[in-house]
Each structure stands twice: as C-alpha cells, then as structure tokens.
Undergrad: 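I am attaching a structure below and will ask some questions about it afterwards.
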Amino acid sequence: MVKHNHNNRNRDLITLIAGVIIVILVNFIGSFAFHRFDLTSEKRYTISDNSKDLAANLDDIVYVKVYLEGDFPAGFKRLRDETREMLDEFRAYSNGFIEYEFINPSEDPDQKVREDIYKQLYKEGLRPTDLNVKEEDGTSNKIIWPGALVSYKGQEFPVQLLKSQMGVSPEMMLNGSIEALEYEFANAIHNLKVFEKPRVALIEGHGELDKVETASLAMSLAESYTVDRIAINEELSSLTERVIVDSTREYAVINKYDAIIIAKPTQKFSEKDKFVIDQYIMFGGRVVWLIDPVFASMDSLQNADVSMAIPQDLNLDDQLFTYGVRLNPTLIQDLQSAAIPVITGRVGNQPKQQLFPWFFFPLLTSANNHPIVNNLNAVKGEFTSTIDTIAKPRIRKTGLLKSSKYTKVSNTPTRISLGMLRYEPDQSQFNAGHQVSAVLLEGYFESVFKNRIAPEILNSNEVNFQQESKFNKMVVIADGDIAKNFVNPKTSQYYELGFDRFTNQQYGNNDFMLNVVNYLCDDSGLMGVRSKKLTIRLLDKTILKKDKFKWQLINSILPIGLIILFGLAHYYDRKKKYTK
C-alpha cells in the first residue's frame, strides 16, 4: 500500500514538472513567434497588413484617450467594447508603443466643470451626441462624446468614433461606425507620423469660392495637409517646377502639389490655364473638380420671386470630355431634399416662417461601397447637375454620389420660383431614378492638347510636353456648393462645412471632401480599409421577448447545474476508487 502511494506521488510530481516545463517552453516559443487566431467569418478582429506595419514601425508612445465611458445604452457599450478590442489589436503589433485609457467626461458632479470639459473637447475637434434614454420613471437626455484624441510626439489628432448617417437605423449606424474603427485609428496614427505633410492647393483666378467660403474645408484639410491658395495666371511654374538633370541635360518636371481643388469657378478658363492643369495631370497631379455647369443662385430669389437657371460656359467641357466625363446643363430636383425656411404669414408684427423641402437641394447618398463614400452621411447639394461618363478604354469610372430614385431632371434654361413650394409636387414627374452627380476617374488620361499645340511648344525641351499620363486619378463633382460652408454676411462667421443652420443637421459634405482628397493622395493603401464590411448579427427581439425566461434559465441555472453534476460525479468516482 505504501509503495502504491509512493508511486502515485512520483507520477504526480513528474506530471507537475512536465506541465511546468511545457508552459515555460510554450511561453519561450511564443516570445519569438507571435500569432493571433481570428475565427470569425469576416475576420473582424484581423487588421490589415498596412495597419500592422503602421503599428510595428512606431518609435514612440501613441496615447489614445477614448471619451466613451459611462452609463449609456447597449449599442454604445458595444461601440466602446469594439473600440477597446481594436486598440488591443493595434497594441499587439506595436511593440508596446500604443497605450490607451477610457474616460467618462460626464462623471464630475459639478455642472460647471462638466461644461468646461465639454468646451475643451469641442475645441479639440470632437462632437457630442445627444441621447434620449428611457428610464423607469420616464426619459432623460444624456450627452455622450463618442470620440477619441490620439497623441504622438506632442501632436494630437481627433477621431470621431460615431458616424452619423441619415435614413439608416441606429444598429446600422453603429455597425458602420465599428466598420470604420480600424481606418480611423490607422489614419490618425498615419497623420501624426508623417513628417512632411502632402500639399494641397485651392485654385483661384476663375471666380472660385473665396477664402471664407472654403474656410471650414481648409481647416479640416490642414490637419493632414499643407493647404495653399494659388492663382495659375497662365504660368507653367504655378503647379509644377522644372529642373535640369545634370546627366541628361533635360528638364525633369516635378509637381508642387499632391492635389488641387477647383471649387465652383464662375469665369472661363483660358487655354493657357487649361494647359497648365492638363500637364499637371499628365505628370501625376490629382484634381478635384467641383463644377457648376448651370448658374443658379438663391441670392437671386431673395430679390425676386422668379429666377432663371442658365447653362454656364467655363470652357472646360472639352477637357473633361477628354478625361472621360460630360457635365450636363441640367438641374436635379429630388423629393429627398434639404429644407429651407419660407415666410407663410405673420403673427402680430413678426413674420411666420415654416420649413419646406427645397427640391433643388438634393440629399445625395453613396452610389456604392467605395471607400470614399462607404458609411458616409448624406451630402447636401445645391442646384446639382448630372454627369455622364464617356467611353474611354483605359479609364475606370466609379459613381460616388447619387440622388434618390424620386428624381426629376430639368433641362436649362429653366425657371426657378419659391412659389413652387405652395403646391404639392406631382410625384409622377419625379420618375428619372437615381442620377449620378460625382464620379471617380482612374486610369491613363490623354492630354486634351494632344495634336493641337504649336510645334514650338511640342518640341520645347523645357515644357517637356506629355501626351498621356501615368496611372492617375481625379474626382469630378457636378456641384460646386458641396465644398462651400455657409458664411454669416453680418459677422463673416463661417459654419462647419455641411452644417444646415435651418435644421441644425450636420450633413456629410466635410467627410466626403476629406475622403476624396485622402483617396487621391493616399499612397499607403489605408483608404482601402474603409471598405471593410462587418455582418450585423442582431438578436431577434420578438423571440427574445417571447422566450426571455427560458434563456435566462438556461444562462443562469444550467452552468451551475453542470458544475454541481460534475462535482458529484467526481466525488463518487473518487469514493469508489479509494474504498476498494
């Protein structure tokens, strides 16, 4: 009996030592070979190789303060948990250079302290969400800040975690926000790491939007780019510079800007200015065209009941046609549109105003799941036109924004009158279906000046004329107002791009423009992460309510019962074994 017990002790001791050795061995191997297993079908917990490289190449601490902590609905708790898991994923590849904390900005009981914190967060670039929360004794409003501040080497970058989208359910909106988490954090880290920011120029000299009208866009772009305003003035050196290469004695052409934005010109482009832009494109320059092919203005309607919308000749049709698109002199009317205030009477001495949908201000939505417009809120247009694409074999065209299926297309010239708001629209006329108003062009562009320039320019060594570009891309938008922020004429104060002062609605204009420029200037491949899709696996609320008690029983009693059964079985097994 004594010998039997001695053998058992030796066997247990050997088992224990072997177990410890195996654990030490596994940890030792694990310190050299790192791997994470993601068993989800859509690989939701696997970040892209670009994101892994970004995290792995950090050389200092990236500190993330996430202001999504506190008592709020389950959907936001899910967003919080997914954010934490995403940061854990980045941290796993960062060699310990990513740290984070979750902060509740509303935890201080002193209201003044809370308001000071809110003001500071707003100043830092985060935006709050006002929640209507159901409670036992009614409902209450709660302010939460679904955002984060990412810091690196003394610089800070705001990340808005919740992506608002009109016309989608809260579940879809939260899911879209979760889908965008990897891109948002990767983009923030990328921007903070970039030593020299890419350069973007807003073009002047053709009646484009002025400095105040693009102030919001310029400020948003300045977080990631160096932003200039420049007039071409028919000078070849305005967008490019030419340097002599010593070995060949020929001129090398270098673009001064990674991208240029031509925002709502109202005057004709000269042939020389077109040539400068054309050669900038041929040498790889990216362009955002925001062109109004039709002149129409709300200012005209403030002075008269009726205004005329007329085609606008900017001398750009042949150039854009050569690149692959045609802007039509039409106006989109859409039943899905933004509202404007109209005086409908008087109350005492005060005019009575009422909001009416203004069909000439369509709310444009994503035409597909392209990274530029994936999970994007509706973009507010003003007197938007339609775009046709031209068959060009080496150009790929991708529609970005479209009107709703309840669209009417009017040819110009046409009358515009606020009196139209007095009548119910005839819905049978809004049958043109979705109309595209923004297009991405990618490929090899042919110069509009091919076979039409003078020999002295064609043969000029300094000009170094190019007939075709290398692979390049540009975005054409048939509405210049998409980039225009509202300016208070009395105070010259400007509002955030996309903010509707009549309804306090924030549309997606700013995000759209940032995405466009990011995509055109993106050489890291990070924009591709924005197209990541996650499957929503929501609980069936009807079944959940019906079988609530059963599932509560299964989840609470069953595990305890299994443990008790296992304990009893183990007890009787040992009793039987040692009583022999």
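What's counted below: heavy atoms across the whole structure, side chains too, no hydrogens, waters or symmetry copies.
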Undergrad: Within this structure, what is the CG-CD1 distance for the pair Leu209 and Ile261, rounded to the nearest 0.5 Å?
TA: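 One finds 10.5 Å between CG of Leu209 and CD1 of Ile261.
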Undergrad: Applying side chain to side chain donor-acceptor pair (under 3.5 Å), name anything that partners Glu235, two or more places apart in sequence or on another chain.
TA: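 For Glu235 there are no side chain to side chain donor-acceptor pair (under 3.5 Å) partners, ignoring immediate neighbours.
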Undergrad: How would you list, by chain and number, every residue that makes a side-chain contact (heavy atoms from CB on, under 4.5 Å) with Thr330, sequence neighbours excluded?
TA: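 Thr330: side-chain contact (heavy atoms from CB on, under 4.5 Å) contacts with Asn328, Ser385, Thr386, Val409, Asn411.
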Undergrad: Taking all non-hydrogen atoms of both residues, which atom of Ser469 and which atom of Gly443 are closest, and how far apart?
TA: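 The pair with the smallest heavy-atom distance is OG-O, 4.1 Å.
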Undergrad: Please report the closest heavy-atom contact between Ser216 and Asn485, naming both atoms and the distance.
TA: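 Smallest interatomic distance, heavy atoms only, reads N-OD1, 3.1 Å.
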Undergrad: Between side-chain atoms of residues 426-438 and protein atoms elsewhere (two or more places apart, or another chain), which donor-acceptor pairs fall under 3.5 Å?
TA:
unit_1	atom_1	unit_2	atom_2	d
Asp426	OD1	Ser428	N	3.2
Asp426	OD1	Ser428	OG	2.7
Asp426	OD2	Ser428	OG	3.2
Gln429	OE1	Lys408	NZ	2.9
Asn431	ND2	Ser428	O	3.1
His434	ND1	Ser403	O	2.8
His434	ND1	Lys405	N	3.4
Gln435	NE2	Ala432	O	3.0

Undergrad: Quick check: are there more than 12 heavy atoms from other residues, nucleotides or ligands sitting under 6.0 Å from OH of Tyr423?
TA: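 No, OH of Tyr423 has 12 or fewer neighbouring heavy atoms, counting only those of other groups under 6.0 Å.
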Undergrad: Kindly say whether Gln336 contributes a backbone atom to a donor-acceptor pair with the side chain of Asp334 at under 3.5 angstrom?
TA: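 Answer holds: yes.
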Undergrad: The criterion is salt bridge (Lys or Arg N to Asp or Glu O under 4.0 Å); which residues satisfy it with Lys274, sequence neighbours excluded?
TA: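 Expected list: Glu271, Asp318.
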Undergrad: Donor-acceptor check, side chain of Ser447 to backbone of Gln467, threshold 3.5 angstrom: yes or no?
TA: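 Flag not set: sc Ser447 to bb Gln467 has no pair under 3.5 Å.
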Undergrad: How far does CG of Asp500 sit from OG1 of Thr503, to the nearest 0.5 angstrom?
TA: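 If we round to the nearest 0.5 Å, Asp500:CG and Thr503:OG1 are 3.5 Å apart.
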Undergrad: List the residues meeting side chain to side chain donor-acceptor pair (under 3.5 Å) with Thr398, not counting sequence neighbours, and say none if there are none.
TA: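 Not a single residue meets the side chain to side chain donor-acceptor pair (under 3.5 Å) criterion with Thr398.
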Undergrad: For Glu241 and Lys256, work out which heavy atoms get closest and say how close.
TA: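 It is CB-CE, 4.1 Å.
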Undergrad: Any ring-ring contact (aromatic ring centres under 6.0 Å, His included) pairs touching residues 286-338, not counting sequence neighbours?
TA: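 Output for this query lists Tyr323-Phe445.
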Undergrad: Work out which heavy atom in Ser177 is nearest to a heavy atom in Lys163; give both atom names and the distance.
TA: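 Taking Ser177 first and Lys163 second, the nearest heavy atoms are OG-N, 2.8 Å.
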Undergrad: If a pair satisfies ring-ring contact (aromatic ring centres under 6.0 Å, His included) and one of its residues is in residues 494-517, list it, with sequence neighbours excluded.
TA: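 ring-ring contact (aromatic ring centres under 6.0 Å, His included) check on residues 494-517 returns Phe486-Tyr495, Tyr495-Phe499.
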Undergrad: So which of Arg286, Lys473, Glu442 actually passes side-chain hydrogen bond (donor to acceptor under 3.5 Å, both in side chains) with Tyr519?
TA: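 The side-chain hydrogen bond (donor to acceptor under 3.5 Å, both in side chains) with Tyr519 is passed solely by Glu442 among Arg286, Lys473, Glu442.
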Undergrad: Sequence neighbours left out, what passes salt bridge (Lys or Arg N to Asp or Glu O under 4.0 Å) with Lys268? Give chain and number order.
TA: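 Lys268 satisfies salt bridge (Lys or Arg N to Asp or Glu O under 4.0 Å) with Asp313 once adjacent residues are dropped.
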Undergrad: Check salt bridge (Lys or Arg N to Asp or Glu O under 4.0 Å) between Asp278 and all other residues, then give those that pass, not counting sequence neighbours.
TA: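 Per chain and number, Asp278 pairs via salt bridge (Lys or Arg N to Asp or Glu O under 4.0 Å) with no residue.
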Undergrad: Under a 4.0 Å N-O cut-off, is there an ion pair linking Arg127 with Glu496?
TA: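 Yes, this pair counts.
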Undergrad: Considering residues at least two apart in sequence or located in another chain, which fulfil the salt bridge (Lys or Arg N to Asp or Glu O under 4.0 Å) criterion with Asp228?
TA: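 Asp228 satisfies salt bridge (Lys or Arg N to Asp or Glu O under 4.0 Å) with Arg199 only.
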Undergrad: Between the side chains of Glu446 and Arg394, is the shortest nitrogen-to-carboxylate-oxygen separation below 4.0 Å, so that they form an ion pair?
TA: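 No, Arg394 and Glu446 are not salt-bridged.
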Undergrad: Please collect all ring-ring contact (aromatic ring centres under 6.0 Å, His included) contacts where either partner lies in residues 375-415, sequence neighbours excluded, each pair once.
TA: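 The answer is Phe360-Phe383, Phe361-Phe383.
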Undergrad: Below 3.5 Å, can you tabulate the donor-acceptor pairs from side chains in residues 414-422 to any protein atom, sequence neighbours excluded?
TA:
unit_1	atom_1	unit_2	atom_2	d
Ser417	OG	Asp305	O	3.3
Ser417	OG	Gly419	N	3.0

Undergrad: Hey, is the main chain of Asn187 close enough, under 3.5 Å, to the side chain of Asn191 for a donor-acceptor pair?
TA: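 The answer is yes, because a donor-acceptor pair under 3.5 Å joins these two groups.
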